[in-house]
2 protein chains.
Amino acid sequence: MTTHVPRYHRSTHREAILDFVRDRRAHLSAEEIYAGLRPNHPRLSMGTVYRNLHILVEQQRLHALHFSNGGDRYDARLEPHYHLACRRCGDVVDVDMPVLDQLDTFVRDHRGSFRIESHTVLFHGLCFACTQFERDVD
Amino acid sequence: MTTHVPRYHRSTHREAILDFVRDRRAHLSAEEIYAGLRPNHPRLSMGTVYRNLHILVEQQRLHALHFSNGGDRYDARLEPHYHLACRRCGDVVDVDMPVLDQLDTFVRDHRGSFRIESHTVLFHGLCFACTQFERDVD
DNA sequence: CTGGGTGCAAAATCTTTGCAGATCC
DNA sequence: GGATCTGCAAAGATTTTGCACCCAG
């Protein structure tokens, strides 16, 4: 039982999806990608968006981010970096700070049985716009 | 338009859910909680589980964890701590290392417009059992 | 009493998948 | 030609919600 590895063909839609996420430099949901591409790709379907997003992640041409609200989001910035999410509006931005590679090493030494591959850091809080709607946060 | 804040009553189901998550000391899904309580609470429904989990999180008596595979998981351990998730089987364990409070301060100084409240760290990798199923991971 | 809590089932989300035809190599 | 890609619609999986009734305060 050897797992079949497909040799992907070239696909206009797949490239369009990748380009779209790259150009936006944002953390887009499948729905946003679909809506954004629809004008120029009227025959695009959600099934195709999902199928291609999975392939692009598998090919390491996109990274998937998992959040609380709603579904996954996709990021074309491949170097490790941290994120900051607003708990009110859900907006996600990149954090401009060095990645702490030593964390992986530290945990590796303390938990040898687990093969650590990477880590993610997510900061939680309120973006500037949303702070105005939340008064007394103790 | 002032948001209505309910004064929660006492509820056998809510306490049972909280006790169950506390006793298991694990990171349980709604489904697992439902299945685990069903024997002793035959009239419990999934709707009630979800409604109470939201309330317990709002009351800060549980924390919700968000992962890629499937839905949220719930944790009764309230002090900040980090997690380690196996990308193959999805198992989640606590990481025994001090929390880096200074990260919040650091990012606060570099992104004044965002009100940082906390951060989470998630390590990714393979648990010991799953390393045996994955050979050549480059 | 009044407002919260619950079961139940329907609805709402979000994502996956089967299939037939089109496309790539 | 054979594997991959696609639209479409149906099916899955997960979570929310409307409603009538029950229960706590």
Side-chain angles (χ1 to χ4, degrees), chain A residues 2-21 27-59 61-74 90 92, chain B residues 2-21 27-59 61-74 87 89-90 92:
Chain A
T2 44
T3 311
H4 175 60
V5 178
R7 301 75 172 304
Y8 297 112
H9 293 179
R10 200 180 170 290
S11 140
T12 308
H13 283 164
R14 186 144 64 235
E15 300 308 315
I17 289 169
L18 180 57
D19 288 344
F20 186 76
V21 179
H27 311 87
L28 303 174
S29 66
E31 183 61 43
E32 287 166 341
I33 294 165
Y34 174 71
L37 288 174
R38 211 71 211 294
N40 292 323
H41 301 262
R43 307 203 26 95
L44 182 65
S45 67
M46 278 303 288
T48 295
V49 171
Y50 278 110
R51 275 184 287 230
N52 280 309
L53 284 173
H54 289 164
I55 292 173
L56 288 166
V57 168
E58 183 194 323
Q59 295 178 332
R61 298 206 278 166
L62 283 183
H63 281 168
L65 309 176
H66 317 292
F67 299 111
S68 44
N69 46 333
D72 291 356
R73 299 188 154 266
Y74 296 86
V92 176
Chain B
T2 44
T3 310
H4 174 61
V5 178
R7 301 74 171 304
Y8 296 113
H9 295 176
R10 198 173 176 296
S11 141
T12 307
H13 283 165
R14 185 144 65 235
E15 299 308 314
I17 289 169
L18 180 57
D19 289 344
F20 186 76
V21 179
H27 311 87
L28 303 174
S29 66
E31 183 61 41
E32 287 167 341
I33 295 166
Y34 174 71
L37 288 175
R38 212 72 210 294
N40 292 323
H41 300 262
R43 308 206 20 98
L44 182 66
S45 67
M46 277 303 289
T48 295
V49 171
Y50 279 110
R51 275 184 287 229
N52 279 308
L53 285 173
H54 289 163
I55 292 172
L56 288 166
V57 169
E58 182 194 323
Q59 296 178 332
R61 298 206 278 165
L62 284 183
H63 281 168
L65 309 176
H66 317 291
F67 299 111
S68 43
N69 46 332
D72 292 357
R73 300 191 152 263
Y74 296 87
R87 68 165 154 78
C89 69
V92 176

[X] vs [Y] side-chain heavy atoms within contact, under 4.5 Å:
{"X": "B:Tyr74", "Y": "B:Leu65", "value": "no"}
{"X": "A:His66", "Y": "A:Arg73", "value": "no"}
{"X": "A:Ile33", "Y": "A:Leu53", "value": "yes"}

[atom1] of [X] versus [atom2] of [N]: gap in Å, rounded?
{"X": "A:Gln59", "N": "D:dT4", "atom1": "CD", "atom2": "P", "value": "13 Å"}
{"X": "A:Arg7", "N": "D:dG2", "atom1": "CZ", "atom2": "C1'", "value": "11 Å"}
{"X": "A:Asn52", "N": "C:dT15", "atom1": "CG", "atom2": "C1'", "value": "15 Å"}
{"X": "B:Arg14", "N": "C:dG7", "atom1": "CZ", "atom2": "P", "value": "12 Å"}
{"X": "B:Leu44", "N": "C:dG5", "atom1": "CG", "atom2": "P", "value": "15 Å"}
{"X": "B:His41", "N": "C:dG5", "atom1": "NE2", "atom2": "C1'", "value": "15 Å"}
{"X": "A:Arg43", "N": "C:dG21", "atom1": "CZ", "atom2": "P", "value": "14 Å"}
{"X": "B:Ile17", "N": "C:dG5", "atom1": "CD1", "atom2": "P", "value": "12 Å"}

Could you grab the distance from atom [atom1] of [X] to atom [atom2] of [Y], nearest 0.5 Å is fine?
{"X": "A:Glu15", "Y": "A:Asn52", "atom1": "CD", "atom2": "CG", "answer": "9.0 Å"}
{"X": "A:Met46", "Y": "A:Arg38", "atom1": "CE", "atom2": "CZ", "answer": "10.5 Å"}
{"X": "A:Arg51", "Y": "A:Ser11", "atom1": "CZ", "atom2": "OG", "answer": "10.5 Å"}
{"X": "B:Tyr8", "Y": "B:Ile55", "atom1": "OH", "atom2": "CD1", "answer": "4.5 Å"}

Assign a letter to each nucleotide of nucleotides 15-25 of chain D from its 5' end: B, base within under 4.0 Å of a protein heavy atom; S, sugar-phosphate only; -, no contact. BBBB-----BS
Residues touching DNA chain D, which here means a heavy atom under 4.0 Å, drawn from residues 32-39 of chain A: none
Ranking D:dC8, C:dC8, C:dG4 by distance to the side chain of A:Ser45, first place goes to D:dC8
Looking only at heavy atoms, which two atoms of B:Thr48 and B:Ile17 are closest? And how far apart? O-CD1, 4.3 Å
Give a yes/no answer on whether the side chain of B:His13 brings an N or O atom under 4.0 Å of OP1 or OP2 in C:dG7. yes
Is the ring centre of B:His13 less than 6.0 Å from the ring centre of B:His41? yes
